[in-house]
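Okay, structure first, notes after.
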Amino acid sequence: MKEDQVRLSDSWKSRLFSEFQQPYMMELKSFLVQEMKSKKCIYPRPDEYFAAFDAIPFEEVKVVILGQDPYHGPHQAHGLCFSVRPSVSIPPSLVNIFKELQSDLDIPNPQHGCLTNWAKQGVLLLNATLTVEARKAGSHQNKGWEIFTDRVISLLNEEREHLVFMLWGSYAQRKGAFINQEKHLVLKAPHPSPFSADRGFFGCAHFSKANVYLKTYGEKEINWTVPDID
């Protein structure tokens, strides 16, 4: 894969381009090409695979929220974990995230589920797997994406200081187990899914805790409001 074929912003490409030369990434590319040749519907669109990285330069990341897979329903996924396009119904886990936001910071429930405003402020909304087949949850797991996103987390852990990592659910907590908690704030809670939110996600106050931590180290707080879209 040539450098000019990788749709990735320069601050990330300079750190991650070597990953695209690795055998696992070549195999992943071949897998995706074959899936598309087979006329399978893949989410998100190819130009949105790296949307989380394009939204914010490496040096400006403040908070990392880890998801697992993109949404696999029509028109939902657009490259940011937990986020959906403005015209799409808000998924149950995101409904619960918004409930916690209201409880924690008295932020009114948004009218849509598009989290690009968070991303623009330095929130890396990172799924462990960056693609999925339509209506088949987990269908692109163990194809190579997890190796790539582990490398992303490692770079942030090693090169940056005083980041906030929000690890919701056992999967995210395992994936982020190596994060240096002396350099960064690691916040853990159950997943916001309706199946687990009542077991400790509600009341975790991660959004206010993140802002207190950022302010302590001289960083601008995140405005967690999800503004209306005209």
Residue pair His184, Phe178: steps toward the ring-ring contact (aromatic ring centres under 6.0 Å, His included) verdict: CA-CA 11 Å; His184 307 288; Phe178 63 86; over 10 Å; no

Val64 vs Leu156, side chain to side chain contact (heavy atoms under 4.5 Å, CB included): CA-CA, chis, key distance, verdict: CA-CA 9 Å; Val64 181; Leu156 289 165; 3.9 Å; yes

Side chain to side chain contact (heavy atoms under 4.5 Å, CB included) assessment of Ile153 paired with Leu126: CA-CA 9 Å; Ile153 298 168; Leu126 180 65; 4.1 Å; yes

Stepwise side chain to side chain contact (heavy atoms under 4.5 Å, CB included) check, Lys62 with Ile222: CA-CA 9 Å; Lys62 298 178 182 178; Ile222 303 297; 4.0 Å; yes

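With sequence neighbours excluded, the residues that form a ring pair (Phe, Tyr, Trp, His ring centres under 6.0 Å) with Phe148 are Phe20, Phe50. Among residues two or more places apart in sequence or in another chain, the side-chain hydrogen bond (donor to acceptor under 3.5 Å, both in side chains) test is passed with Ser11 by none. Listed by chain and residue number, Thr129 satisfy the side-chain hydrogen bond (donor to acceptor under 3.5 Å, both in side chains) test with Glu146 (two or more places apart in sequence, or in another chain). In this structure, Phe98 has no ring pair (Phe, Tyr, Trp, His ring centres under 6.0 Å) partners at least two apart in sequence or on a different chain. Residues meeting the salt bridge (charged side-chain N to carboxylate O under 4.0 Å, His left out) test with Arg174, sequence neighbours left out: none. The side-chain hydrogen bond (donor to acceptor under 3.5 Å, both in side chains) test applied to Asp198 returns no partner, not counting sequence neighbours.
Minimum heavy-atom separation, Pro70 to Val132: O-CG1, 3.8 Å. Nearest heavy atoms, Gly79 versus Ala51: CA-CB, 3.9 Å. The two atoms that bring Pro57 and Trp12 nearest to each other are C-NE1, 3.8 Å, heavy atoms only. Nearest approach of Lys99 to Asn109, heavy atoms of both residues: N-OD1, 4.2 Å.
Counting only heavy atoms from C-beta outward, the side chains of Glu100 and Phe201 approach each other to under 4.5 Å. Under the 4.5 Å side-chain criterion, counting only non-hydrogen atoms from C-beta, Phe165 is not in contact with Leu124. Counting heavy atoms from C-beta outward, Val88 and Arg85 have side chains that approach closer than 4.5 Å. Counting only heavy atoms from C-beta outward, the side chains of Ser83 and His78 approach each other to under 4.5 Å.
Residues Leu167 and Phe207 do not share a hydrophobic cluster, clusters being chains of Ile/Leu/Val/Met/Phe/Trp/Tyr side chains in contact below 4.5 Å.
Using a 30° and 60° split on the angle between ring planes, Tyr217 and His162 fall in the parallel class, below 30°.
When the options Phe31, Tyr49, Tyr43, Trp145 are evaluated for a ring-ring contact (aromatic ring centres under 6.0 Å, His included) with His140, the one that passes is Phe31.
Not one N or O on the side chain of Gln102 forms a donor-acceptor pair closer than 3.5 Å with the backbone of Pro108.
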